[in-house]
Amino acid sequence: MKNKILKPLSIVLALGSIVSCNLDLYPDTAIPYDKDVPMIQTKEDVDSYDRGVYAHFRACQSGTYKMADDVMFDAFNATTEYGNRLGGLHRLDGSFTSADEYVTDFWYSLYVSITNYNIAIEQVPMSTLDREIYGDALDHLMADAKAARAWSYLQLARRFGKAYNPATAATDLCVPIELVYDQHSRPERASVKAVYDQIKSDLDDAYSILKDEEGEAGSQYFNVDVLRCMYANWHLDTQNYEKAYAYADTVISNTAYALCEDEKQFAAEYFEDAGKEAIMMLPASLKELVGGYGEYINYGADSNSPTKDAFGSGYIPSKTLVSAYDATDLRLKYWFNDTANIPFKSNGSYYQGAFYVFVKYQGNTALNASGVIDGHIAPKPFALPEMYLVAAEAAFKANKKLQAMSKLTTLQSKRGATPTASITLEAIQKEWFRETVGDGLRLECLKRWGLGYSSREGQAGALAKNVLIVTNGYVNKSLPANDYHLCWPIPAYELKVNANLVQNDGYSSVSVD
């Protein structure tokens, strides 16, 4: 394992100080980057670049980055408290355009991160450091940057490109590939196949360096098991089901990780950042908070409340989601709060015991100085339950029904749910819904399966208390499997500054300043 401690991410980062956006002119705070000048000249430079890689990677792992594509679909309903936050994505009506701020921020953040990874990758071979002494540190920086770049392109591909179809991937448009820093480049959109090929290339390069870096529960660093998780996802997307299963099963077989055995472990895993399910868990502290989940878990003191505190969440779980769980399911018990002890405030009234709010990401109280829940929790980019689901789906698609059944029912049993009686793709898909809700995976799952959704009916109690918005585009919305919104629009500003880009089908042009 890496013999180092990840220093606070608030330290001024070499990467972050070089490039802040993809404009023709440098911002006043940027240091012009000359790719012909070696910038890694000391061990401190290596560490600073590496911290920069992890800082950018961590910044895209929580909060809006995870909520945005979940509220698009059938798991959540907007309440009267939501203030139109994520509104276009939730309604998917005429207000969801190429100027949508959440889509634009997602694109921008991922490409800024990629730019900084590219600089690290360019600088490692140019370093003036003695390779005999610092070669290992330089190699690890290269591996970290390539692993982070692979993950970034996978997220972009899943949102802005079509699902990988071997018959059309070579011609289906995806996102631009940028592998070197060039402030003046105006790349075209690459094909889905080209982007996935690049992801695989980066994973292979990272693996060649990290193949002996054993994984451990809650690792803060890229290691061989983190890469196996990415390989499993890559092969699942590209329909190589044998390999997807093999990579996922290898991670599952590592005794460093384990599904929660009881309620105490389950609560600790999700509310204390403790346990053995996280394959990677990035640092978080009172000084180094990450993006929160305030749209799901807006909670605070309220002197007018009967309990002197209240929820006021922008989105609450739909009846479609709540009814997906068995009564004995630990996920229903711990991820959903019935407001009996903490009321829900809406339109000046307080409601208790009438409906559920979503508290899977209520947060770790250790990350709030007052010791209250506020939606901040350590980011966990890769976790064991997802590998069980990847393995179950891949095994089923590879006609390994016994293995698929084993993986699915093991996860269900550990969650206190009734194990499925027979293995079907629908049963696996429903378990993805139950297990990964809120994790930001719903869009990629529905796109991979070629599905839409039929309803996101509101909870009866929430409807009766008038806490949900029920006009068109909110409650009882459905989405066909071929709906163009399953590919997000290329941001309007990118189209304006780069004439080589073309828009995804279905979206009209939007004027931006």
Side-chain angles (χ1 to χ4, degrees), residues 13-27 29-41 45-46 48-57 59-60 106-129 131 137-157 160-161 173-209 222 230 234 490-491 493-495 497-501:
L13 306 173
L15 282 169
S17 63
I18 295 169
V19 173
S20 61
C21 56
N22 188 25
L23 303 175
D24 288 331
L25 298 177
Y26 290 104
T29 57
I31 300 174
Y33 172 58
D34 186 343
K35 65 174 60 183
D36 296 323
V37 176
M39 299 184 70
I40 301 178
Q41 301 179 17
D45 291 339
V46 180
S48 184
Y49 269 78
D50 210 23
R51 287 196 299 273
V53 168
Y54 281 102
H56 281 282
F57 180 70
C60 298
F106 189 94
W107 174 286
Y108 171 81
S109 297
L110 268 293
Y111 270 110
V112 166
S113 297
I114 287 169
T115 297
N116 285 285
Y117 304 148
N118 288 346
I119 292 173
I121 291 166
E122 289 175 358
Q123 283 293 319
V124 166
M126 297 171 57
S127 173
T128 59
L129 287 171
R131 271 270 168 189
L138 289 166
D139 287 345
H140 276 90
L141 171 56
M142 177 68 81
D144 290 344
K146 290 208 168 184
R149 187 170 71 179
W151 179 89
S152 298
Y153 273 118
L154 184 61
Q155 306 317 303
L156 289 165
F160 295 96
L173 290 180
C174 196
V175 296
I177 298 175
E178 296 191 78
L179 302 181
V180 297
Y181 175 68
D182 182 353
Q183 195 79 336
H184 302 285
S185 70
R186 297 294 183 265
E188 297 179 348
R189 294 176 66 181
S191 70
V192 169
K193 183 179 186 304
V195 173
Y196 272 85
D197 286 350
Q198 180 57 49
I199 294 167
K200 178 66 159 49
S201 176
D202 278 345
L203 289 178
D204 289 345
D205 289 347
Y207 183 87
S208 68
I209 297 169
F222 294 113
M230 286 198 263
W234 188 92
I490 306 301
Y493 187 75
E494 295 298 322
L495 295 170
V497 300
N498 183 0
N500 295 320
L501 294 178

Heavy-atom side-chain contact between [X] and [Y] under 4.5 Å:
X: Ile209; Y: Met142; value: yes
X: Phe57; Y: Arg149; value: no
X: Val175; Y: Leu110; value: no

message: Treating Glu122 as the side-chain partner and Tyr181 as the backbone partner, does any N or O pair qualify as donor plus acceptor under 3.5 Å?
response: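 Pair found, side chain donor or acceptor close to backbone of Tyr181.
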So, for [X] and [Y], which heavy atoms are closest and what is the spacing to 0.1 Å?
X: Ile114; Y: Leu156; answer: CD1-CD1, 3.7 Å
X: Asp205; Y: Lys146; answer: OD2-NZ, 2.6 Å
X: Phe160; Y: Arg189; answer: O-NH2, 3.3 Å

query: For Cys60 and Ser113, what are the C-alpha separation, side-chain angles and deciding distance, and is it a side-chain contact (heavy atoms from CB on, under 4.5 Å)?
result: CA-CA 9 Å; Cys60 298; Ser113 297; 4.1 Å; yes
task: Report the C-alpha distance between Ile119 and Tyr49 in whole Å, list the side-chain angles of each, state the deciding distance to 0.1 Å, and finish with yes or no for side-chain contact (heavy atoms from CB on, under 4.5 Å).
output: CA-CA 9 Å; Ile119 292 173; Tyr49 269 78; 4.1 Å; yes
query: What do the steps show when you test Leu129 against Asp45 for side-chain contact (heavy atoms from CB on, under 4.5 Å), and what is the final call?
result: CA-CA 10 Å; Leu129 287 171; Asp45 291 339; over 6 Å; no
- prompt: In terms of ring plane angle, is the pair Tyr196 and Trp234 parallel, tilted or perpendicular, where the classes change at 30° and 60°?
  reply: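 Rings of Tyr196 and Trp234: tilted, 30 to 60°.
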message: Applying side-chain hydrogen bond (donor to acceptor under 3.5 Å, both in side chains) to Gln198 and Asp202, what does each step give before you reach the verdict?
response: CA-CA 6 Å; Gln198 180 57 49; Asp202 278 345; 3.2 Å; yes
message: Suppose we call two aromatic rings close when their centres sit under 6.0 Å apart. Are Tyr493 and Tyr108 close by that rule?
response: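 Not close enough - the centres of the two rings lie 6.0 Å or further apart.
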- prompt: Are Asp139 and Arg131 within salt-bridge range, i.e. N to O under 4.0 Å?
  reply: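 The answer is yes: the pair qualifies as a salt bridge.
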